[in-house]
Amino acid sequence: MSKRVKTAVFPVAGLGTRFLPATKAMPKEMLTVVDRPLIQYAVDEAREAGITHFVFVTGRNKGVIEDHFDRQFELEATLEARGKTRILKDLQQDLPSAGRTSFTRQQEPLGLGHAVWCARDIVGDEPFALLLPDMLFKGRRGVLKQMMETYEVTGGNVVAVEEVPMAEVSSYGVVGRGEGDDNGFRINGMVEKPAIADAPSNLIISGRYILQPEIFSLLADQPRGAGGEIQITDAMQTLMQRQPFIGVKYEGQSFDCGSKIGFLTANVAYALDREDIGDDFLAALARIGLHNALMEGFKIAAE
């Protein structure tokens, strides 16, 4: 019987240089898709999957993330006095309950693997989920929930993957596909940013993981890899020699909100899907001549 996954780690120490000057004083994780910060979407996804402990690996100038997941009594009192009970209720529902959040610092920008290692004492000897807030997923069910369903059957380590055109594989971590269906196949290899000719498949790692705690001891001694950083993929490749890694080709649409195009596309997709503003937003797009082009683009993406 696999240990239940109760803890999720959110690496939020990055500088967000691709979004300067917007991120000069504001964490990139607090950039909003419509009216919710990116980090809130990731936390919501984790809660849907049954996560009860939320660990944030932060850096300097990231205190606003901690504030976001705290109560603001003056704001709540003002909303209540003005009769804005629905907004107040929504804000309160977004908060993890008391004692369910932990914050630790990544004091140097040494890569994703180092950020995960910084959470080792908080996570302890337990499996955990790892969610990269830059990646936003839109679908009927959250990606982590889909992964949890597979994990309950297979155990081990679980990685979310998606297909991309072969021409794009050199920009991502790519997995080799072994036996099994889309809901849980054996991963038989991983390559970070391979040349097209060397790629084992066109399935890329998509920013959602369930990992066993043995990864921490590997990260402690992990040499720096690409970019002079400690890479989580390198440690995963070593752990794969001892433990199974399972791939889940998730259902849904992904948006890489670490890029400007992905971020802008996510805002359009989420705005169009909102009951309160979707029709008005569509009308506004029509007024500037973008309606038909956007609708055709989303139709193609859905297919």
Side-chain angles (χ1 to χ4, degrees), residues 1-13 27 29-30 33 36-58 62 65-71 90-104 106 112-113 115-161 183-184 205-216 219 232 236 245-248 250-252 254-255 257:
M1 181 71 70
S2 302
K3 284 188 177 180
R4 182 178 167 227
V5 180
K6 299 177 288 186
T7 300
V9 174
F10 303 87
V12 292
E29 298 81 11
M30 292 300 294
V33 172
R36 297 176 74 76
L38 284 170
I39 187 61
Q40 184 69 60
Y41 285 101
V43 167
D44 291 345
E45 181 184 334
R47 291 172 72 178
E48 179 199 9
I51 295 297
T52 57
H53 186 193
F54 307 86
V55 180
F56 301 87
V57 182
T58 71
K62 299 281 185 165
I65 295 176
E66 189 167 353
D67 291 340
H68 178 74
F69 291 105
D70 196 0
R71 295 188 65 182
D90 289 344
L91 286 176
Q92 292 172 340
Q93 287 179 338
D94 285 344
L95 296 180
S97 57
R100 297 296 187 181
T101 56
S102 298
F103 295 83
T104 189
Q106 183 187 19
L112 176 58
V116 172
W117 180 77
C118 288
R120 65 199 183 281
D121 288 337
I122 299 175
V123 175
D125 190 26
E126 300 287 336
F128 63 98
L130 172 62
L131 296 90
L132 308 190
D134 284 356
M135 294 302 299
L136 179 59
F137 301 91
K138 193 172 185 295
R140 185 173 54 86
R141 296 181 302 149
V143 170
L144 187 59
K145 184 175 179 62
Q146 297 175 50
M147 295 169 65
M148 287 286 202
E149 292 171 356
T150 296
Y151 173 78
E152 290 171 2
V153 176
T154 65
N157 304 269
V158 182
V159 179
V161 301
N183 293 328
I205 300 171
S206 299
R208 297 292 185 270
Y209 314 76
I210 296 173
L211 298 171
Q212 297 298 318
E214 287 79 9
I215 197 80
F216 292 123
L219 289 169
I232 190 75
M236 288 165 58
F245 271 74
I246 307 299
V248 173
Y250 60 85
E251 299 174 0
S254 67
F255 301 92
C257 292

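Note: Tyr209 OH to Ile232 CD1 = 7.0 Å, rounded to the nearest 0.5 Å. The line from CD of Glu152 to CZ of Arg4 is 9.0 Å long, rounded to the nearest 0.5 Å. Atom CE of residue Met148 and atom CD1 of residue Ile210 lie 5.0 Å apart, to the nearest 0.5 angstrom. In this structure, CD1 in Ile215 is found 6.5 Å from CE in Met236, a value given to the nearest 0.5 Å. With rounding to the nearest 0.5 angstrom, the CZ atom of Phe69 is 8.5 Å from the OG1 atom of Thr101.
Nearest heavy atoms, Val57 versus Gln106: CG1-CB, 3.8 Å. The nearest pair of heavy atoms linking His68 to Pro37 is CE1-CG, 3.7 Å. When all heavy atoms are compared, the tightest approach of Ala46 to Phe10 is CB-CZ, 3.9 Å. Scanning all heavy atoms of the two residues, the minimum distance from Phe54 to Ile51 falls at CZ-O, 3.5 Å. Across all their heavy atoms, Gly184 and Thr150 have their closest contact at CA-CG2, 4.0 Å. Pairing each heavy atom of Cys257 with each of Val33, the nearest pair is SG-CG2, 4.4 Å.
Under the 3.5 Å distance criterion, the side-chain polar atoms of Arg47 are left unmatched by any main-chain donor or acceptor of Asp44. Using modelled atom types, no side-chain atom of Glu29 and backbone atom of Leu38 make a donor-acceptor pair closer than 3.5 Å. Put simply, the side chain of Gln146 gets close to the backbone of Arg141: a donor and an acceptor are under 3.5 Å apart. Judged by distance alone, the side chain of Arg120 and the main-chain N or O of Leu219 form no donor-acceptor pair under 3.5 Å.
Considering only residues two or more places apart in sequence or on other chains, Phe103 meets the ring pair (Phe, Tyr, Trp, His ring centres under 6.0 Å) condition with Phe56. Under the rule for a side-chain contact (heavy atoms from CB on, under 4.5 Å), the partners of His53 that lie at least two apart in sequence or sit in another chain are Thr7, Val55, Ser102, Ile122. Under the salt bridge (Lys or Arg N to Asp or Glu O under 4.0 Å) criterion, Glu251 pairs with Arg140, sequence neighbours left out. Partners of Arg71 under the salt bridge (Lys or Arg N to Asp or Glu O under 4.0 Å) rule, at least two apart in sequence or in another chain, are Glu76.
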Only distances under 3.5 Å count here; give the side-chain donor-acceptor pairs of residues 124-134 to other protein atoms, sequence neighbours excluded, each with its distance to 0.1 Å.
| residue | atom | partner | partner atom | Å |
| --- | --- | --- | --- | --- |
| Asp134 | OD2 | Lys28 | NZ | 3.1 |

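Applying the ring-ring contact (aromatic ring centres under 6.0 Å, His included) test to every pair with at least one member in residues 134-156, sequence neighbours left out, gives these pairs: Phe137-Tyr250.
Between Asp67 and Met30 the shortest side-chain heavy-atom distance does not fall below 4.5 Å. In this structure, Ser254 and Met135 have side chains that are in contact, with non-hydrogen atoms separated by less than 4.5 Å.
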Exercise. How far apart are the C-alpha atoms of Phe245 and Leu211, what are their side-chain angles, what is the distance that settles it, and do they pass the side-chain contact (heavy atoms from CB on, under 4.5 Å) test?
Worked result: CA-CA 9 Å; Phe245 271 74; Leu211 298 171; 4.2 Å; yes
Exercise for review: Might you work through the side-chain contact (heavy atoms from CB on, under 4.5 Å) test for Glu48 and Leu144, ending with a clear yes or no?
Suggested key: CA-CA 8 Å; Glu48 179 199 9; Leu144 187 59; over 6 Å; no
- Could you walk me through whether Phe216 and Val116 pass the side-chain contact (heavy atoms from CB on, under 4.5 Å) test, one step at a time? CA-CA 8 Å; Phe216 292 123; Val116 172; 3.9 Å; yes
**Message:** Could you walk me through whether Glu66 and Asp70 satisfy the side-chain contact (heavy atoms from CB on, under 4.5 Å) test, starting with their C-alpha distance in whole Å, then the side-chain angles of each, then the deciding distance to 0.1 Å, before giving a yes or no?
**Reply:** CA-CA 7 Å; Glu66 189 167 353; Asp70 196 0; 6.0 Å; no
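Residue Glu45 forms a salt bridge (charged side-chain N to carboxylate O under 4.0 Å, His left out) with just one option from Arg208, Lys145, Lys138, Arg36, and that option is Arg208.
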